[in-house]
Amino acid sequence: MQRALSVHRSDGARSNFPNWYQAVVREADMAEISPVRGCMIIKPWGYGVWELIQKELDKRIKDAGHDNCYFPLFIPLSFIAKEASHVGGFAKEMAVVTHHRLKTIDGKLQPDPDSKLEEPLIVRPTSETIIGDAFSRWIKSHRDLPMLINQWANVVRWEMRTRLFLRTTEFLWQEGHTAHADGHEAMEETLRILDLYREFSEKILAMPVIDGEKSANERFPGAVKTYSIEAMMQDGKALQAGTSHYLGTHFAEAQNIRFQNETGELTLCHTTSWGVSTRLIGGVIMTHGDDDGLRLPPTIAPKQIVIVPMLRGKPEDADVLGFCHRLTDALSQMKVYGQPIRVLFDTKDVKSADKRWNWVRRGAPIIVEIGPRDVANGVVSFMRRDSLRDGDKVKSHSMPRDEFVAGAAGLLNQIQATLFAEAKNRLESNIRSDITSPGALAEYFGAGKDDDEADEFKGWVRAPWSNPTGAALAGIEQQLKSLKLSIRNAPMDQDESHGPCIFTGEKGVQDILIARSY
RNA sequence: CGGGGCGUGGCGCAGCCUGGUAGCGCAUCUGCUUUGGGAGCAGAGGGUCGCGUGUUCGAAUCACGCCGCCCCGACCA
């Protein structure tokens with residue numbers, strides 16, 4: 001059967017999934033690899049999605065009381081060295097600036113040895129240390145608290161292996177940093193943001209997630225507690241889509257972030273940090289994409305409705321164009337999610353059929369096609385990207401023009417709801433809680449089976465455990481690693497009582513999610 | 001960084017084993033025909049075959065080195 005994409009996923013098998021993913025990124029015009037290793041060029045359609053993500057998330061962050069700032073791209077080496085586990089966690093992936101000038105030596109342009117920096121600068125992998133330094137100067141009194149700051153920035157982490165959007169050397173993100181008078185308040189902030197991320201992911205990205213706490217060895221370097229939202233991709237793997245950390249007084253101690261409390265005592269602040277990145281776009285692609293390309297939730301589609309005129313090179317073309325112009329204007333007057341509907345009248349001099357398939361691949365939620373017959377009958381023919389086909393055939397709908405205009409916002413809402421419902425159903429129906437031993441876990445995830453079987457779609461496992469620490473935890477992690485599994489998080493949503501621990505057999509204290517992951 | 005695969009016009013690939021100076025499909029451009037849907041015919045443009053060194057009269061093809069991409073592992077938010 002003919003599909004809009006050059007690479008197809010093969011019925012749930014994971015083997016073809018990476019190729020399919022790359023095909024979507026490329027053919028949906030989202031991004032391309034750049035001349036710089038591990039870095040990507042985000043193209044207009046992909047960046048448009050990011051801008052909408054920024055807009056929606058920025059609003060929520062500000063509504064929660066945070067102000068935006070901008071801190072330097074460079075961080076003095078001495079800053080990053082201040083918090084021991086923080087350095088430990090990031091040391092292996094730092095880009096370091098050592099010179100400030102180039103010189104041609106022996107005909108070769110190279111860093112001028114005479115321009116060596118006294119103190120090397122690192123390109124920020126995250127900004128806790130430089131923001132903490134500012135906090136230590138900004139915060140003097142309990143009246144300065146809480147300090148609620150956010151920044152939109154690029155960061156660099158020199159990863160071994162990169163994938164477009166999911167893990168790139170440079171990526172765009174938002175990082176929130178807050179300081180509070182006590183641990184209780186800082187924990188509240190950490191969880192409030194976690195919930196904000198969950199709500200944002202579900203409502204705006206139509207990507208259902210499970211929020212929970214990370215296990216001890218997956219904590220952010222320097223954190224006391226780390227929480228995440230985890231989304232299920234269409235190959236069954238988990239994607240960590242956002243994190244929120246309670247940093248305790250670790251950074252406050254390292255950087256002397258103190259305030260005088262009501263009784264005049266000098267007291268350490270409790271800090272938090274949290275972020276989501278362009279990785280979310282990868283999550284959207286792997287959550288909603290299909291064999292015809294990307295399917296964008298209307299909330300983040302740069303163009304929600306695209307109108308393609310069916311021109312014939314005949315006199316009635318003028319009528320078609322006029323009809324399309326008026327339709328574009330009428331739709332632009334309508335609102336969805338409190339903002340004008342984003343409509344594009346695609347007048348590019350390209351064959352109509354090609355335009356249609358380009359928009360299908362890019363995932364425009366509604367694609368309208370107008371020909372002379374539509375004009376004569378005063379109707380609008382359109383396709384819904386969320387349910388493009390009936391079997392193999394493309395499903396085309398027709399509706400009186402005024403009815404379509406009046407119902408457009410509702411239709412976009414419906415598409416958003418359909419995408420979310422599909423993803424939600426996939427998530428919920430693929431978490432098994434009937435696996436209660438390491439043996440059963442190994443069997444389910446295909447240990448010892450041949451490649452084809454091991455390659456089948458697997459979801460997640462939810463199981464009780466006794467929350468072991470130290471060597472016991474490390475042993476379990478090792479065991480999971482041999483199955484390519486990891487503990488994703490301990491969901492916030494927990495039952496009162498728990499069965500015996502899947503690993504130790506001891507009394508369970510909470511449920512955890514186990515999955516393959518990105 | 002270890003194991004495997006790959007790198008040939010924008011995209012997908014053949015040619016490589018058995019060296020003789022580049023080909024196919026899609027896309028692009030032009031013209032004609034077609035027109036409720038990914039059109040047909042004819043013609044055209046576009047590649048120093050990832051980079052470098054070597055072997056050879058001659059290298060996409062053989063050897064060595066390097067770079068990049070993908071998968072698995074290691075690592076990691």
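Because the structure is a prediction, the values reported are computed rather than measured. Reminder, nothing fancy here: chain letters follow the sequence lines and each chain counts from 1.
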**OP:** Test side-chain contact (heavy atoms from CB on, under 4.5 Å) on A/Leu57 and A/Leu196 and set out the steps.
**Re:** CA-CA 9 Å; A/Leu57 192 55; A/Leu196 187 156; 3.7 Å; yes
**OP:** Using a cut-off of strictly less than 4.0 Å, decide whether A/Lys484 has a side-chain nitrogen or oxygen near OP1 or OP2 of B/G73.
**Re:** yes
Subject >> Stacked cation flag A/Lys225 on A/Tyr246, 6.0 angstrom / 45 deg >> reply: no
Subject >> Side-chain donor-acceptor contact under 3.5 Å, A/Asp195 with A/Tyr227 >> reply: no
**OP:** Determine which nucleotide pairs with B/C16, using a 3.5 Å limit on both distances of a Watson-Crick or G-U wobble pair.
**Re:** none
Subject >> Any-strand Watson-Crick or G-U partner of B/A22, both distances under 3.5 Å >> reply: none
Original post:
So which nucleotide does B/G65 pair with, by the Watson-Crick or G-U wobble rule with both distances under 3.5 Å?
Top reply: B/C51
Subject >> Any A/Arg163 side-chain nitrogen or oxygen under 4.0 Å from OP1 or OP2 of B/C71 >> reply: yes
Original post:
How far does the C1' atom of B/G19 sit from the matching atom of B/C71, given to the nearest Å?
Top reply: 32 Å
Subject >> Of the listed nucleotides B/U28, B/C70, B/G73, the one nearest the side chain of A/Arg161 >> reply: B/G73
Subject >> Watson-Crick or G-U wobble mate for B/G2, both contacts under 3.5 Å >> reply: B/C72
Original post:
What distance, rounded to whole Å, do you find between the two C1' atoms, one in B/A39 and one in B/U34?
Top reply: 7 Å
**OP:** Check whether any side-chain nitrogen or oxygen of A/Lys481 sits under 4.0 Å from OP1 or OP2 of B/G73, and answer yes or no.
**Re:** no
Original post:
More than 12 heavy atoms of other residues, nucleotides or ligands under 6.0 Å from CH2 of A/Trp158: is that the case?
Top reply: no
